[in-house]
Amino acid sequence: YDWWQDNPDLLVGFSTDSEIHLNYHTFEKTNEGGYKSYFDYNPGTLQQYREWAQANWTLEDFNKRCGTNFDSWPKVDAPRNKDGVVGQKGNAWWETWTDFRVWHIKEAARRQCKWISDSGFPRGMIWDHQILSEPGDNSARYQRCDPLETAINEYCKVGVTRYGWISPQIWHSLGELALNDGSGDEIPSWGIFEWNLWTQHEYWAYREMLNCIYQYGVHVICP
């Protein structure tokens, strides 16, 4: 912060830890048979899950919501294979556990942005860094648990990762998201922290995509 005060034109801003999510992408490769990887079942996360649930519902309401019959909060568990609901989209218990996991990721990103903000840097210099998923992407919600909402909080601007040719509608939606992030900005501001066209490396394609991205409000890009 002191260095920035002495060199105000040399610091563009911050992006957070890249792509916070719960999916280990090589898990399926080392566990054959189509087994899906769902995380995170470690004891610390399960305790946080119980505290999150207890903050939102009574035990009776939680059981009613999830179709479970736990008789005390310490016995509340996440759904597992033996319960027959793991991976079952629409199952109330699985959806509640997934809501927690998405919240878990969103809070992890939020804390990073808050630490930077608490050091004195304004919101307009802080960008989150999450995968740009399209609405309704099942892998984003159920396996990575990082839908685009996890890139939004009160301490930062929206920041994403995305490769390949993207339709103008997707970039436009990011501009709209940036205008409705609670900051009250009249001009959208968002960032891309990993980007290239992946395989289509023609000059005209990069120029067209960059023009489109700029039109819809990007303020920082890391090709």
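Quantities reported herein were computed from a predicted structural model and do not represent experimental measurements.
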Pairwise side-chain contact, [X] with [Y], heavy-atom cut-off 4.5 Å (strictly under):
{"X": "Leu174", "Y": "Leu148", "answer": "yes"}
{"X": "Asn63", "Y": "Phe70", "answer": "yes"}
{"X": "Asn196", "Y": "Pro223", "answer": "no"}
{"X": "Val102", "Y": "Pro147", "answer": "yes"}
{"X": "Phe193", "Y": "Val220", "answer": "yes"}
{"X": "Met125", "Y": "Val12", "answer": "no"}
{"X": "Thr16", "Y": "Trp127", "answer": "no"}

Could you walk me through whether Thr45 and Phe100 pass side chain to side chain contact (heavy atoms under 4.5 Å, CB included), step by step? CA-CA 10 Å; Thr45 302; Phe100 162 75; 3.7 Å; yes
Less than 3.5 Å apart, any donor N or O on the side chain of [X] or [Y] sitting next to an acceptor on the other?
{"X": "Tyr206", "Y": "His201", "answer": "yes"}
{"X": "Arg123", "Y": "Ser183", "answer": "no"}
{"X": "Gln48", "Y": "His104", "answer": "yes"}
{"X": "Thr58", "Y": "Asp61", "answer": "yes"}
{"X": "Lys89", "Y": "Asn138", "answer": "yes"}

Return the minimal non-hydrogen interatomic distance between [X] and [Y], and the atom names on each side.
{"X": "Asp17", "Y": "Ile20", "value": "O-CG1, 3.8 Å"}
{"X": "Glu95", "Y": "Gly90", "value": "OE2-N, 2.7 Å"}
{"X": "Asp128", "Y": "Ala109", "value": "OD2-CB, 3.4 Å"}
{"X": "Leu210", "Y": "Trp195", "value": "CD2-CZ3, 3.7 Å"}

Enclosure of [X] [atom1] (heavy-atom neighbours >12, cutoff 6.0 Å):
{"X": "Leu10", "atom1": "CG", "result": "yes"}
{"X": "Asn42", "atom1": "CG", "result": "yes"}
{"X": "Trp198", "atom1": "CH2", "result": "no"}
{"X": "Gln5", "atom1": "CD", "result": "yes"}
{"X": "Tyr163", "atom1": "OH", "result": "yes"}

Give a yes or no on whether the backbone of [Y] and the side-chain of [X] come within a donor-acceptor separation of less than 3.5 Å.
{"X": "Arg101", "Y": "Phe39", "result": "yes"}
{"X": "Asp137", "Y": "Ser133", "result": "no"}
{"X": "Gln130", "Y": "Thr161", "result": "no"}
{"X": "Arg144", "Y": "Asn23", "result": "no"}
{"X": "Asn180", "Y": "Leu177", "result": "no"}
{"X": "Asn7", "Y": "Trp3", "result": "yes"}
{"X": "Ser117", "Y": "Lys114", "result": "no"}

Contacts of Arg50 that satisfy salt bridge (Lys or Arg N to Asp or Glu O under 4.0 Å) - sequence neighbours left out: none
Would Ile213 and Ile192 count as a side chain to side chain contact (heavy atoms under 4.5 Å, CB included) here? Give the steps. CA-CA 9 Å; Ile213 292 168; Ile192 307 174; 3.8 Å; yes
Qualifying salt bridge (Lys or Arg N to Asp or Glu O under 4.0 Å) pairs, either residue in residues 184-204, two or more places apart: Lys157-Asp185
I would like to know whether Phe121 and Trp4 meet ring-ring contact (aromatic ring centres under 6.0 Å, His included); could you show each step before the answer? CA-CA 9 Å; Phe121 296 96; Trp4 174 53; 5.1 Å; yes
Dump the intermediate steps for side chain to side chain contact (heavy atoms under 4.5 Å, CB included) on Trp165 and Glu208, then the final yes or no. CA-CA 10 Å; Trp165 185 274; Glu208 289 297 312; 4.2 Å; yes
Evaluate the ring planes of [X] and [Y], with Trp represented by its six-membered ring, and classify them as parallel (under 30°), tilted (30 to 60°) or perpendicular (over 60°).
{"X": "Trp57", "Y": "Trp52", "result": "perpendicular"}
{"X": "Tyr41", "Y": "Trp97", "result": "tilted"}
{"X": "Trp190", "Y": "Trp171", "result": "parallel"}

Just checking Trp115 against Tyr155, ring centres under 6.0 Å apart? no
Report the C-alpha distance between Leu22 and Gln143 in whole Å, list the side-chain angles of each, state the deciding distance to 0.1 Å, and finish with yes or no for side chain to side chain contact (heavy atoms under 4.5 Å, CB included). CA-CA 7 Å; Leu22 293 182; Gln143 287 190 264; over 6 Å; no
Going through the distances and angles, do Tyr38 and Tyr142 end up as a ring-ring contact (aromatic ring centres under 6.0 Å, His included)? CA-CA 8 Å; Tyr38 295 112; Tyr142 296 101; 8.0 Å; no
Salt-bridge contact Arg110-Glu154 (side-chain N to carboxylate O under 4.0 Å): yes
Lys/Arg-Asp/Glu bridge criterion (N-O < 4.0 Å) met for Asp99, Arg65: yes
Take Ser189 and His219, measure what side-chain hydrogen bond (donor to acceptor under 3.5 Å, both in side chains) needs, and give me the verdict at the end. CA-CA 6 Å; Ser189 174; His219 276 206; 3.3 Å; yes
